[in-house]
Structures are given as C-alpha cells and as structure tokens.
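I have placed the structure first, in the form of structure tokens, so that the comments after it can refer back to it.
One-based numbering, in listed order, for ligands and for the atoms of each.
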Amino acid sequence: MGRFRVRRWLWGGAGLLLIGWLVCLPRNLFKDTVYSTVVESAEGELLGARIAADGQWRFPPCDTVPERFATALVQFEDRQFWWHPGVNPVAMGRALVQNLRSGHVVSGGSTLTMQVIRLSRNKERTVTQKLIESILATRLELRCRKKTILAMYASHAPFGGNVVGLEAAAWRYFGRPASELSWAEAATLAVLPNAPSTLHLGKGREELLQKRNRLLKRLLEHGDIGADTYAAALEEPLPDAPLPLPALAPHYVERQEKGKRTRTTLRIELQKAVSAVTDRQSDELAKEGVADLAAVVIDNRTGEVVAYVGNASAYRDRPGVQVDIAASPRSTGSILKPFLFQAALQEGIILPHTLLPDIPVNLGGFAPQNFDRHFYGAVPANEALARSLNVPAVFLLRQYGVPKFHSLLQKAGLTTLTQTPDHYGLSLILGGGEGRLDEITAAYSQMAASACAPEAPRAHGGPSQLGRCAPGALYAHGKLAVWYTLDALKEVNRPDELDWRLIRSVRKAAWKTGTSYGFRDAWAVGMTPEYTIGVWAGNADGHGVPGLTGARTAGPVLFDILGLLPKTDSWFEEPEEGVSAKICTLSGMLATPDCPAEEMIIPKEGLQSDPCPYHKTGVFVLTPAMEWFYKPHHPEYTGARKATGTQVLEFIYPSSGTVLYLPRQLSGEVEGVVFRVAHHSADATVFWHLDQTYVGETRFIHELRLAPAPGKHTLTVVDGEGNSSSIVFTVAE
Ligand SMILES: [Zn+2]
C-alpha cells in the first residue's frame with residue numbers, strides 16, 4: 001500500500017466522519033414530544049391551558065427565555081455556556097476527577113447544550129451516552145444560536161411532579177408568567193431541574209432553599225443583582241403546593257387546537273368583566289331554575305370574538321356546566337326575524353312600514369299564534385319586528401319563500417340548518433330551526449358592520465371614528481335595508497315582556513329577543529356600531545322554565561354587558577342610498593292616487609313592491625278579517641261604509657284547509673265548534689250554507705255553532721246583497 005493511498009483513505013474516513021457528524025442530529029429534536037394546549041388572550045396573557053396528552057404540564061416551546069431566569073440558570077448550571085462549543089472539557093475533566101475521588105457520580109459536567117440533547121433523547125445516563133451527547137451537542141451548537149438552545153432547555157426541563165418547562169413551572173408554582181418572576185423565584189426554578197423531585201415530594205425543602213440562596217449569593221458576587229435585591233430575595237419563601245392555572249374562558253379554551261399555543265382575539269379585561277357579570281346573573285337565574293347562561297361579544301369592525309362565556313359559573317359543580325352552550329344548537333325562537341325583515345326590504349318585497357296581516361291563518365296545518373295570543377288585524381312590518389309578532393312574520397316568510405330564507409341564513413354563517421327547507425317550512429321563522437349563539441351573534445355583527453358607513457364623511461369633516469367596516473357581500477346592496485332594520489330594533493320602549501326596573505343602565509342599542517316554544521331558550525342580541533352582544537339563557541338539558549323569556553331573562557344580562565363596553569355617542573348612520581318615493585301613510589305601501597301620501601327614502605328595489613290595495617275611492621278599507629282584529633286597537637278606523645269593489649265578508653275562524661277536532665261532552669255527545677265571519681257593515685244579515693244546505697242566519701255578530709259529521713265540508717256565507725265567501729275544511733274522525 002503506497003503512502004498516497006493511505007492518505008486517501010484517511011481523507012475519505014475524515015470526510016465520512018464529517019458527513020456523519022453533520023447528519024447525526026434530527027431536524028426537530030422534540031418531534032415526538034406532546035404539549036399542553038395553551039390559550040392566550042389578544043394581549044398574549046394566559047386565558048387557560050389543558051394538560052398534555054402524556055399527563056404533563058408542558059407548554060409549547062417559547063423562542064425566548066426571560067432575562068432573570070437565563071442569568072440564574074447559566075450561573076448555576078453552566079457558567080461557560082455563552083463561550084463553549086457545546087462541550088466544556090474543563091468542566092468534564094473536573095467532574096471526572098470529582099467522581100473518581102468520591103467513588104460515585106456527584107457531578108455531571110454536562111453543558112446546558114448537552115442537557116438539551118439528553119432531554120430530547122431520554123436515554124440512560126451512561127458514559128457512552130454522555131459521549132454521544134457531547135458529539136450531538138457540538139452539532140447543535142453549529143445549527144442554533146445560544147439563545148435558541150437556552151430556550152429549548154427552558155421549555156423541556158423537568159420542574160418536579162408533572163411540571164415540565166419554565167412557563168408551566170412559573171404558572172404552577174408562582175401563578176404568573178415566567179417573564180414576571182422575581183430573582184428569588186427565577187433562582188428557585190434555575191436550581192430545581194437539577195433535583196426536580198425535591199419540590200414535588202415536599203422533602204428536601206431546606207436543601208432546596210440553601211441551593212437557591214447559594215445561587216443568589218453567586219448572582220450578587222457576579223454583579224447580576226444588587227445588595228438590596230439580594231437581601232430581599234433571601235426573605236422570599238419557597239412555593240407551596242402547585243397552583244391551579246387561570247381558567248378565564250374554559251369553553252373557549254376547549255375550542256382551540258389541542259397541544260398548541262393559540263393567541264385568540266379575546267380581550268382579557270373584557271373577558272374578566274363579562275365573566276363576572278354572567279357569574280352574578282347566573283346565580284340569580286339559578287334561583288328561578290335557569291341553570292345555564294352563555295354570552296358572546298364581537299367587535300363589529302374586525303368581526304373578532306372579544307369575550308366568550310360558553311357557560312357561566314363554569315367552576316361550579318352542577319350538571320351541564322361543561323356544555324358550551326354558546327356553540328350548541330338551540331331552538332331559535334324569534335331571533336332570526338331581523339334577517340327576514342332586512343332581506344324582504346332589500347329585495348323590494350316590502351317597504352319599512354308595509355302593513356302585514358295579523359289574523360288567524362292555517363297554512364297547511366301550521367296555525368301561528370302571537371306570543372300574547374292576540375291578533376291585531378294588520379301591523380306595519382317594522383312595528384311587527386319590534387314587537388316580535390309571529391303571525392306577520394309567517395305571512396312575510398310565505399311571501400319571501402322558505403328555501404330562499406333558508407339559503408340566506410346559511411350564507412350568513414348558520415351551520416345548524418342541516419335539514420331541507422321543506423323540513424322546517426314556515427316555522428323556520430318561529431324557532432322551527434336551531435342556531436348557535438356564537439354563529440347568530442356573528443351574523444348580527446356582520447349586519448351591524450355593514451351599517452357603519454365608513455366612507456360617509458362625518459359632520460365635522462374628519463375621518464370616521466368607526467374605523468374599518470367591511471360590509472360582507474350579503475349586505476353590499478342592502479345597507480339602507482340594514483339601517484331600517486337597526487332602526488326598528490332600537491325601539492326599546494316596547495310593550496312586550498320586559499321589566500325595565502331590572503335593568504340598571506339602559507344604553508342605546510338595537511336589540512332583538514327570542515323565546516323558544518315551551519320557554520326553553522331565552523335569546524337577546526344587541527348591536528351598537530362598535531359591538532354585537534349575544535346572550536342565551538336556559539337549561540342545557542332542554543327543560544323549560546315558566547316565565548323564561550328572551551326579554552326578561554336574557555335582556556338584563558345583555559344590558560349589563562353593554563354597560564361594560566366603552567361608552568360612545570356614535571350611532572349607525574343612514575346610508576346615502578335608496579330613492580325617494582310616495583308612500584301611503586296608512587298602509588306603508590307605494591301610494592296610489594287615492595292614498596294620503598308622504599315622501600320616504602326606500603331601497604330602490606322597493607319601487608317594484610305592491611301598490612296600496614286598501615284605499616278604495618279615498619277610503620281605507622282592510623279585508624273583513626283584518627278589520628275585525630284591527631278595529632279594537634284603532635278607534636280612528638272607519639272601514640268600508642259602502643265602499644264598492646271590496647271584499648265585504650270573510651271567515652275569521654276557521655281558515656280554509658283547517659282540520660277540526662270536535663270536542664265531546666262527558667255524555668259522549670259532540671259539542672260542535674263556533675264558526676265566525678266578519679262583515680264590513682255593522683247591521684248586515686248573513687245566511688249560512690253547509691254543503692249547499694241552509695243551516696241558519698246571523699245578524700250583528702256572525703257566529704254559528706255547528707257540528708258537521710267527520711269528512712270534508714264546504715261552508716258558504718252570503719249576505720242580502722249577494723256577496724259571499726266560502727271555506728273548505730275537514731272534520732277529523
Ligand atoms: Zn293607501
């Protein structure tokens with residue numbers, strides 16, 4: 001073998017070694033490590049955390065290490081850390097000598113870099129392993145900056161019990177972030193990984209204290225801390241039992257990705273304040289049998305959730321408390337009505353004050369009732385929305401179309417309407433479908449955001465204070481309709497359900513309530529230009545509570561939360577869109593030459609809406625059924641007075657298509673039902689015919705008790721002038 005060949009072999013071997021050294025270190029040292037779920041506020045403060053999958057409190061790694069801990073750690077573990085190449089031969093030699101002298105291992109001589117390698121590999125502590133660790137440590141030094149290596153160590157070092165990593169340790173032992181530790185606390189945590197079992201077991205506390213104090217002394221001598229700081233630090237006691245972590249938004253924490261650190265949009269101070277309100281209100285509601293309460297606050301300008309209470313008093317031991325009610329599908333009651341009003345207005349199906357029928361009706365077996373069980377004959381659409389009347393809403397939905405409304409709600413972000421439109425039918429507007437508080441609040445927020453009118457110059461000429469408003473595609477051409485919707489909802493002096501004495505400070509808001517069938521769900525959603533607040537109250541298990549309503553139960557919580565938000569005088573601005581039109585002052589519809597009229601700005605699609613059908617030769621005449629219910633509430637209404645060409649008599653009960661179940665007396669005899677007709681003329685005589693057979697006549701009050709045989713029937717009424725009306729109905733077996 002020649003000299004050259006030997007040299008070539010040597011070079012080859014050295015090259016292989018170099019390559020081996022270069023590739024020996026895995027790309028991600030802690031690839032298989034699992035971490036805690038850590039959820040932070042928008043400001044980066046800890047909202048809550050969940051233990052890692054392996055039962056350890058191990059926060060996801062940080063990139064940086066707080067100065068005090070870094071200083072204390074390097075001073076205690078590895079004083080040459082900032083200078084050495086991953087191994088420290090001097091320290092190792094010293095350790096070897098010490099170990100040989102004493103006959104057993106008293107010192108590791110490991111650098112912090114080597115300890116990072118050991119933490120990532122979790123092998124036994126043998127001489128061979130230490131050699132491997134040394135080689136890998138030098139490789140790690142080539143790859144990473146010193147600060148990164150230190151951060152890796154801080155994130156994975158054991159701190160006793162199931163506490164791993166500095167961040168988890170700072171919270172568990174001192175109840176605050178690592179960046180806020182005192183020198184004494186930083187020193188305690190710097191010495192702890194060296195013997196992590198001491199603190200956990202509660203034994204060796206004296207030894208731990210001495211170690212800490214020795215380190216503090218070293219820091220003093222090294223000039224890291226002054227004499228005063230040193231003296232004060234010595235006085236600080238060691239921590240006791242581990243502390244619970246913050247639990248500021250427990251249900252929201254559950255919603256975040258597991259095993260990751262997530263910076264949310266929740267604002268910590270607002271979150272605390274909203275939680276305090278819901279906790280207090282929840283205690284009150286519990287006395288009435290209402291166990292669960294949820295609230296969501298959204299910043300309209302960004303669409304971000306800024307406060308989230310999935311279920312109030314989450315720390316109480318009670319059934320249902322774990323349920324995140326804000327994200328659970330619940331019957332929507334009346335809470336979706338504003339979306340129908342806005343859409344019908346935007347598309348020119350109605351105008352803001354269009355009269356909607358409020359009379360008994362039977363639509364394919366669906367006979368809606370108002371909350372108060374009264375009918376009002378005819379009600380302007382905006383008032384029907386403010387008073388949350390059910391019957392006009394059903395008439396409006398029938399006109400708008402269930403499939404279209406169903407699709408609209410899905411576009412607005414409701415993921416819970418998973419059935420076909422047919423499945424819900426017209427009941428969709430009265431709580432026949434389910435919705436989640438978080439999604440419904442977001443849908444309202446989207447609507448409110450589109451009404452901010454950011455481009456409209458303000459009176460004083462400055463830029464809008466409302467900042468960024470981003471009207472979604474849903475409302476791009478419907479701002480005026482949105483504005484009218486908000487205007488209808490800002491009416492707070494409403495006759496329905498609310499006891500205003502319960503509400504401390506009434507702030508200006510556009511708001512809507514909802515109560516589901518059987519008093520199971522109480523909803524209230526309120527909007528200001530800046531924020532949208534959604535509140536739900538009820539029982540997670542679904543049982544109803546008599547007296548529970550959106551206004552009375554959820555309303556006060558809504559206004560308490562509203563009171564927490566920054567107070568501003570801003571209100572939604574009327575957008576500069578729409579057209580001027582002549583509107584009938586009585587029907588709210590496009591005026592005919594017969595109508596008393598006034599100018600109004602309406603969405604331009606409204607020009608396609610129906611003209612007023614109620615003014616006949618100058619007289620305002622409703623249909624007989626509408627009139628029947630309208631008159632008692634409107635003394636000024638004069639009615640037909642021989643107006644020609646109008647319908648003069650109409651059935652009030654039942655409506656055509658109804659299936660009747662005739663009650664029986666105790667004797668078994670069928671009781672019959674009272675049929676009712678309305679006639680425009682007070683003194684008309686009406687002749688009744690059941691299936692072409694005359695059955696009686698009525699005057700003044702047109703009511704007749706009949707007990708037809710089971711099966712299908714036609715009932716016709718005729719007056720003395722030949723006007724008639726018919727219904728078809730079925731009597732059940
Ligand atoms: Zn009119």
Item to check | Criterion ring pair (Phe, Tyr, Trp, His ring centres under 6.0 Å) on F729 and F675, from CA distance to verdict | outcome: CA-CA 11 Å; F729 63 92; F675 290 73; 5.2 Å; yes
Checklist entry - Angle class for the H702/H679 ring planes (parallel below 30°, perpendicular above 60°, tilted otherwise)? => result tilted
Item to check | Single hit among V391, L389, L356 for side-chain contact (heavy atoms from CB on, under 4.5 Å) with V379 | outcome: L389
Checklist entry - Would you call the rings of F620 and Y614 parallel, tilted or perpendicular, where under 30° means parallel and over 60° means perpendicular? => result perpendicular
Checklist outcome for this item: So the ring pair (Phe, Tyr, Trp, His ring centres under 6.0 Å) pairs with at least one residue in residues 372-400 (sequence neighbours excluded) are F375-F629, Y376-H633
Checklist entry - If we ignore angles and hydrogens, is there a donor and acceptor under 3.5 Å between the side chains of E599 and S580? => result yes
Item to check | Number of protein N, O or S atoms [distance to the Zn ion (ligand 1) under 2.8 Å] | outcome: 4
